[in-house]
Amino acid sequence: DQLMSRMPARDSLEARWITSSILQMGEGGVLEVCRRLGPPGTDRNARAEYALQVLATYVAGQGLEPGRLMFVSALGKALGNPLPVEQASFLIARLQVAGKGESTGILSHFLGDERLCEPAAQALVAIREGAEEPLLAALPGAGRNPRITIIKSLGNLRSRSAVELLLEEAKNENSGVRLAALHALANIGDSRAEQVLTHAAMTGLAAEKEECTWYYLLYSSRQAEAGEHAKAFRMSKELYTSRVSAGENHYRAAALEVMVKSQKDRALDELIGAMADSSKQLRAAALNLAARIPGEPATRKWVDAAKGARPE
């Protein structure tokens, strides 16, 4: 009570003294602070939340591994008890700050929970170490909302182990699940996803075409990052030439950017061609992208082409 009554600390020196004092009490001290969590907005809860946040930051940043492991273990025990969603979510977020691979077992228990899947998945993605396995294991039996959260998390982790499962989810009847899977596949950038992403962007459902076009461009960009420059150029050029309506010039501008990112020399001709387009948006994008192609020959070629460009 004496320690908690001094929360929040007056300064960093007092905060460190309070933190050290609680840690010296071991798991029992941390669990006692956890038990003081209560309804949001109360003074008691505010003091407990402050103490736990300071503890999490302290053990994560001081390099004191025994203290960090003890803190994580105490949070795991606290989370093993029935708690209101707000309290459980708060403790999970503290695990995200202080936890490493040893926390994945604790967090995995919440992946099937409609209310706590999202904070648990966010913590796993932030920790990264050991995160793939529990997410992959939880996906097949997850409900709609946890399923979407888990799929997004696997995409954020760029999990190639998830690709086959995600290809199945890309066929899901639920549009939210299906689009989450397509985005995750695009972000991962595995070659196995090219066909399904191309279909979704080019000939897929009209209601999803806009979103899937951005996924296709993201996938193309991932190919360039992976060194698949010719593939990235081909895909982005195919999109560029297939979208000809005035309402699709933002896609064409994005496709030009991927072309420049993947093969600058070949992209120069596309930029020059864009300068003859009727769209001011596209011409402006081409001008901006031209600055990314260095070298005197490219500059000379661009200057010659710009002489005949439309005046802005």
Side-chain angles (χ1 to χ4, degrees), residues 152 155-158 170 179-312:
K152 288 180 178 178
N156 289 335
L157 288 171
R158 309 277 292 272
L179 288 171
L182 288 168
H183 181 261
L185 287 166
N187 197 40
I188 293 167
D190 190 278
S191 61
R192 290 169 286 179
E194 180 179 354
Q195 185 175 355
V196 68
L197 289 166
T198 301
H199 171 76
M202 301 298 191
T203 58
L205 296 173
E208 299 175 359
K209 189 175 181 181
E210 180 175 353
E211 201 163 345
C212 290
T213 298
W214 290 117
Y215 300 166
Y216 177 93
L217 286 165
L218 172 60
Y219 178 81
S220 301
S221 182
R222 290 285 184 255
Q223 301 312 297
E225 292 167 7
E228 297 286 346
H229 300 300
K231 181 178 179 181
F233 190 92
R234 170 181 59 78
M235 291 186 69
S236 52
K237 185 173 180 179
E238 285 174 0
L239 182 73
Y240 179 81
T241 56
S242 68
R243 303 300 171 92
V244 294
S245 69
E248 295 179 307
N249 283 320
H250 53 304
Y251 298 135
R252 300 180 74 201
L256 283 174
E257 184 171 7
V258 178
M259 284 188 248
V260 172
K261 184 177 182 179
S262 55
Q263 291 187 327
K264 289 183 173 62
D265 292 341
R266 291 181 64 189
L268 182 60
D269 290 336
E270 302 300 330
L271 296 179
I272 291 172
M275 292 304 297
D277 196 273
S278 60
S279 167
K280 184 176 180 179
Q281 177 187 6
L282 195 63
R283 297 197 303 274
L287 276 169
N288 288 332
L289 289 168
R292 301 186 191 180
I293 305 178
E296 186 178 338
T299 302
R300 188 165 51 247
K301 190 173 183 180
W302 183 258
V303 170
D304 290 343
K307 291 176 182 178
R310 296 168 179 260
E312 298 294 349

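Residue numbers run from 1 in the order of the sequence given. Bear in mind the structure is a predicted one, so any value in this text is a computation, not a measurement.
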Does a side-chain heavy-atom distance below 4.5 Å link Tyr219 with Leu185?
no
Heavy-atom closest pair (Ala253 atom, Ala285 atom, distance to 0.1 Å) is CB-CB, 3.8 Å
For Leu256 and Ala274 the tightest heavy-atom approach is CD1-CB, 4.0 Å
Contacts of Asn156 meeting side-chain hydrogen bond (donor to acceptor under 3.5 Å, both in side chains) (sequence neighbours excluded), chain-then-number -> none
Here the gap from Arg283 atom CZ to Asn288 atom CG, rounded to the nearest 0.5 Å, amounts to 13.0 Å
Residues passing the side-chain contact (heavy atoms from CB on, under 4.5 Å) test with Lys237, sequence neighbours excluded, are Phe233, Thr241, Met259, Glu270
Taken in chain and number order and not counting sequence neighbours, the residues that satisfy side-chain hydrogen bond (donor to acceptor under 3.5 Å, both in side chains) with Glu210 are none
Sorted by chain and number, sequence neighbours left out, side-chain hydrogen bond (donor to acceptor under 3.5 Å, both in side chains) with Glu194 holds for Lys231, Arg234
All heavy atoms of Ser221 vs all of Val258, minimum pair found to be N-CG1, 4.1 Å
Closest non-hydrogen contact found for Ala232 with Ser220 is CB-O, 3.3 Å
Tyr251 meets the ring-ring contact (aromatic ring centres under 6.0 Å, His included) criterion, sequence neighbours left out, with Trp214
What one should report as the nearest heavy-atom pair of Ala286 and Met275 is CB-SD, 4.0 Å
So ring pair (Phe, Tyr, Trp, His ring centres under 6.0 Å) across residues 259-279, not counting sequence neighbours, yields none
Residues passing the side-chain contact (heavy atoms from CB on, under 4.5 Å) test with Ala181, sequence neighbours excluded, are Ile151, Glu169, Ala170
If we ignore hydrogens and angles and just use 3.5 Å, is the side chain of Tyr216 paired with the main-chain N or O of Met235 as donor and acceptor? yes
Applying side-chain contact (heavy atoms from CB on, under 4.5 Å) to Glu211 and not counting sequence neighbours gives Leu179, Tyr215
message: Is it the case that the side chains of Asn187 and Arg222 hold a donor-acceptor pair, with the cut-off being a distance below 3.5 Å and no angle test?
response: yes
Query - Verdict with supporting geometry, Lys261 and Glu225, side chain to side chain contact (heavy atoms under 4.5 Å, CB included) - result: CA-CA 8 Å; Lys261 184 177 182 179; Glu225 292 167 7; 2.8 Å; yes
Residues passing the side-chain contact (heavy atoms from CB on, under 4.5 Å) test with Arg192, sequence neighbours excluded, are Arg160, Val163, Glu164, Leu167, Asp190
Q.
Closer than 3.5 angstrom, by distance alone: can the side chain of His199 be matched with the main-chain N or O of Gly204 as a donor-acceptor pair?
A. no
message = Test your reading of the model: is there a side-chain donor-acceptor pair from Asn249 to the backbone of Ala246, 3.5 Å cut-off?
response = yes
Report task. Would you confirm whether Asp277, through its side chain, and Gly273, through its main-chain N or O, come within 3.5 Å as a donor-acceptor pair? Result -> no
Applying salt bridge (charged side-chain N to carboxylate O under 4.0 Å, His left out) to Lys264 and not counting sequence neighbours gives none
Here the pair of heavy atoms bringing Leu239 nearest to Ala255 is CD2-CB, 4.4 Å
TODO: Could you check if a side-chain atom of Ile293 sits within less than 4.5 angstrom of a side-chain atom of Leu271, using non-hydrogen atoms only?
DONE: yes
Going by heavy atoms in the side chains, are Gln281 and His250 under 4.5 Å from each other?
-> yes
> Is there side-chain contact between Leu217 and Glu257, with heavy atoms separated by less than 4.5 Å?
Replying inline: no
Sorted by chain and number, sequence neighbours left out, side-chain hydrogen bond (donor to acceptor under 3.5 Å, both in side chains) with Thr213 holds for Arg243
Residue pairs meeting ring pair (Phe, Tyr, Trp, His ring centres under 6.0 Å), one or both in residues 254-274, sequence neighbours left out, come to none
